[in-house]
Amino acid sequence: MKKKIPQRLCLGCQQLFDKRDLVRIVKNEKGTLSIDATGKKAGRGAYVCRNKECIEKAFKAHRLERSLKTNIDAALCEKLKESIF
């Protein structure tokens, strides 16, 4: 019996992908945002494709802010893009 792979929605392109194919952005209990490479960090998470256009779409449409329930400035968005690529 095969193990079922969880599906997650990319906030940029709004398509379903396997969880392991997406980048997880996490807001911890202190409110700090970080990239979660393992997918197991504690905190509120949001998923985005490994694609700069998707990150920009998610940021411009305020989907990341809504999903993580926090304000995100442009500098932080740029930092996230740099750390992913």
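For this chain, numbers begin at 1 and follow the sequence in order.
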Do [X] and [Y] make a side-chain contact, defined as non-hydrogen atoms from C-beta onward lying under 4.5 Å apart?
{"X": "Leu64", "Y": "Val48", "answer": "yes"}
{"X": "Lys69", "Y": "Arg44", "answer": "yes"}
{"X": "Ile35", "Y": "Arg24", "answer": "no"}
{"X": "Ile5", "Y": "Arg20", "answer": "yes"}

Taking ILVMFWY side chains as joined if any heavy atoms are under 4.5 angstrom apart, and letting links pass through other members, which residues group with Phe17?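 Noted: Phe17 shares its cluster with Leu22, Tyr47.
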Atom pair [atom1]/[atom2] of [X] and [Y] - distance to nearest 0.5 Å:
{"X": "His62", "Y": "Ser67", "atom1": "NE2", "atom2": "OG", "value": "14.5 Å"}
{"X": "Arg63", "Y": "Lys57", "atom1": "CZ", "atom2": "NZ", "value": "7.5 Å"}
{"X": "Cys13", "Y": "Asn51", "atom1": "SG", "atom2": "CG", "value": "7.5 Å"}
{"X": "Cys10", "Y": "Asp21", "atom1": "SG", "atom2": "CG", "value": "11.5 Å"}
{"X": "Lys52", "Y": "Glu56", "atom1": "NZ", "atom2": "CD", "value": "8.0 Å"}

Lys/Arg N to Asp/Glu carboxylate O, Asp36 vs Lys41, below 4.0 Å: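 So Asp36 does not pair with Lys41 through a salt bridge.
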Using only atom types and a distance under 3.5 Å, with no angle test, would you say the side chain of Lys27 pairs donor to acceptor with the backbone of Leu68?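 Between the backbone of Leu68 and the side chain of Lys27 there is a qualifying donor-acceptor contact (under 3.5 Å).
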Treat each ILVMFWY residue as a node, draw an edge where side-chain heavy atoms are under 4.5 Å apart, and state whether Leu11 and Ile72 are in one component.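 Yes, Leu11 and Ile72 fall within the same hydrophobic cluster.
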Partners meeting salt bridge (Lys or Arg N to Asp or Glu O under 4.0 Å) with Glu65 (sequence neighbours left out):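 In terms of salt bridge (Lys or Arg N to Asp or Glu O under 4.0 Å), with neighbours along the sequence ignored, Glu65 is linked to no residue.
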